[in-house]
There are 2 protein chains.
Amino acid sequence: MTDDAVETRRTAPATLHDVAREAGVSLATASRSLNGSTRKVNEEYRQRVLAAAAKLDYSPNLSAQAVARGTTTTVALLVADIADPYFSQMAAGVVREADRERLIVTMAATERDTERELDLVRTLRGQRPRVMILAASRREGDPNNDALEAELRAFESNGGRVAFVSSATGAFRAVQLDNRAGAEALARELIGLGYRRFAAVTGAEGIRTADERLAGFRAGLEAGGGTFDRIVRAAFTRDGGYEGMAQLIEQGLDGIELVFAGNDVMAVGAMSAIRDAGLTPGTDVAVAGFDDIPTVRDVTPPLTTVRIPLEEVGRRALRLALDEVGAVDDSPVHTEVVLRESTPRRR
Amino acid sequence: MTDDAVETRRTAPATLHDVAREAGVSLATASRSLNGSTRKVNEEYRQRVLAAAAKLDYSPNLSAQAVARGTTTTVALLVADIADPYFSQMAAGVVREADRERLIVTMAATERDTERELDLVRTLRGQRPRVMILAASRREGDPNNDALEAELRAFESNGGRVAFVSSATGAFRAVQLDNRAGAEALARELIGLGYRRFAAVTGAEGIRTADERLAGFRAGLEAGGGTFDRIVRAAFTRDGGYEGMAQLIEQGLDGIELVFAGNDVMAVGAMSAIRDAGLTPGTDVAVAGFDDIPTVRDVTPPLTTVRIPLEEVGRRALRLALDEVGAVDDSPVHTEVVLRESTPRRR
DNA sequence: CCGTAGTGAGATAGCGCTTTCCCGAATCGT
DNA sequence: ACGATTCGGGAAAGCGCTATCTCACTACGG
């Protein structure tokens, strides 16, 4: 429409200078009144400044403050895929905690490309964020790993804080997700339910999360006398789960009782593949996942999984980065097996 | 652990000044070499600067650039709830498009509180973002609406761009979601499938999205001879859907053939409530939603809904804000009824 | 040969803030 | 009553950049 008709004349935003002039005080006094510095300022002046600011609709320029103060109020968050519930739940936690600390979150998506990830870290470093949280999953032996580490080291030596969400990241602070132990506990429980013959549909080898979960699950199986008949690798996404499962079915399920998916979105995809093949998940073949994203309560049958408190993980990642070492809970996040109907007791 | 042992000595990040000195050129030349200004600079000098920058691991301070240039490379995005797939899909679209434009996205969540929303807009304005995208849902007659509009107007008159995601927002640019038409089309289709007696489980009155969808659906029903037997209001979330549906069932479904949920997450919750009551969605009572979030393909039975290309909506919101009026597609987003098995043909 | 453009590096004036530093006035102790 | 302290406002020096302005130097036409 005639947007221009409505548009008011473009004017520069009011500066602190304007406010000071309007209030008839110095720049210094205006600054002190509006941000509560250590110095006291006469109540009458303060009121005048506040009134002037309100009148001029003053909004402090955060970039200028950052430059002057030498520190920002920004948190940078890197995830693999914003639309994936695993990451979006975590992001919600980060944003919530950041909000409590009056910090602003800038968010970027690596789209599972380590090249992009490195680029993003470089760009985001220019923001001079107080904290950088990396939740995109690590890949073992990736050629960009060293460059990334160097970049993050540089960031840290400039006073920035880094926090990973992952398991065992040698060099940096990390919210530890005990994928291994969780998967192992899950396997034991499933053995306890009578399952013996398993398959896995999981992400590519090298994705650390996938590897750890698989290793943990395998350890649990071996302890209980179960076996992996088959392992299918596919994208670490819902569609990957679907395709992996479809492949598995096509090759013949012969005897496989339960499919362990590398994460919940894969499990959900796998269940749809099972159904599309004319079988019934839980009945014809059991399914288990990992993460306990919200939707797994709503699929049919509800999915057995390992619960990770994703929101809390996000919040803890920020705390871990902000707080002094030692002053913060850096124990591994508590994971818990949640048995649901997708893995009924056998016999 | 002994984090401190590893931690390198904290040093200030290299400044452009440092780079210039290292390269033995002036500040101006360094600046010109690193950002490609209009001015040409001697190739040899340029190389020297680039080398120095690399050596010192220089990363330009974005805040300082913003102050000096008087313009940022930031996009601010406001959503109701980051963990809700409706918003996270949209956010993914915004982030992707922003990335193409080499813009950085800062994200905040209103948590469906208009007071918070207003606060956030105020804070984010301090960032002087190029664009502000508001995707949190509008509430009719909310006391904060005027203040919000004023705030956004001020932002615009300072040269900022605002884009809403919504339907018919009088004053600002908006990606139009035709909730009304979509819901009406859905209702017609359902009538066509033989349904006559409906209930709705939707968000509180006043949430514009909920209202429009309900109104549209009702219009469709009336045109086709169907009726709303009951309308239940609940939170506009998965749990709201569950509770609303539970309530409906408790009161007695008597004769209701299909439940229209205000959005997909509610529909998914409603389906679980149906199941938990010992009934089968699709068979005992049909369910339809709105949005076509990814998970509705994976619930059982798959959900009938109205498809909104959420990712595209996010991308378009950014384009709408960035591009000149007229140079951009501002037609309503295409919505489409997707019939699935949650609404089988009757009889 | 000289005046005039053109070229491109460097000096410098900001950008919108914060935070010393300086200083007059008020307060206090003795 | 008087020097010693606070106290608190204002001037001004930055913060890390960009962009304008200056100016030495080259090239060239007449």
Rounding to an integer number of Å, can you tell me how far [X] [atom1] sits from [N] [atom2]?
X: A:E43; N: D:dG8; atom1: CD; atom2: P; value: 12 Å
X: A:L62; N: D:dG16; atom1: CG; atom2: P; value: 18 Å
X: A:E44; N: D:dG9; atom1: CD; atom2: P; value: 10 Å
X: A:L34; N: D:dG9; atom1: CG; atom2: P; value: 13 Å
X: B:N42; N: D:dC25; atom1: CG; atom2: C1'; value: 14 Å
X: A:R46; N: D:dG10; atom1: CZ; atom2: P; value: 16 Å
X: A:R125; N: D:dG16; atom1: CZ; atom2: P; value: 15 Å

Practice item. Please check if the side chain of A:D142 supplies one atom and the backbone of A:N144 the other of a donor-acceptor pair under 3.5 Å. Key: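 It does hold such a pair.
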Any ion pair linking [Y] and [X] (charged N to carboxylate O, less than 4.0 Å)?
X: B:R96; Y: B:D99; answer: no
X: A:D330; Y: A:R173; answer: no
X: A:R138; Y: A:E117; answer: yes

Point to revise | NZ or CZ of A:R161 within 45° of A:F172 ring axis and under 6.0 Å | key: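 No, A:R161 and A:F172 do not form such a contact.
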Heavy-atom pair with the smallest gap, counting every atom of [X] and [Y]:
X: A:Q65; Y: A:P60; answer: NE2-CB, 3.8 Å
X: B:A163; Y: B:A317; answer: CB-O, 3.5 Å
X: B:A23; Y: B:R48; answer: O-NE, 2.9 Å

Exercise for review: Note down the inter-axis angle between the two ends of the helix from C:dC1-D:dG30 to C:dT30-D:dA1, five pairs each, to the nearest 10°.
Suggested key: 40°
Exercise for review: Give the B/S/- string for nucleotides 16-23 of chain C, one per nucleotide from 5' to 3', where a protein heavy atom under 4.0 Å of the base yields B, of only the sugar-phosphate yields S, and otherwise -.
Suggested key: BBBBBB--
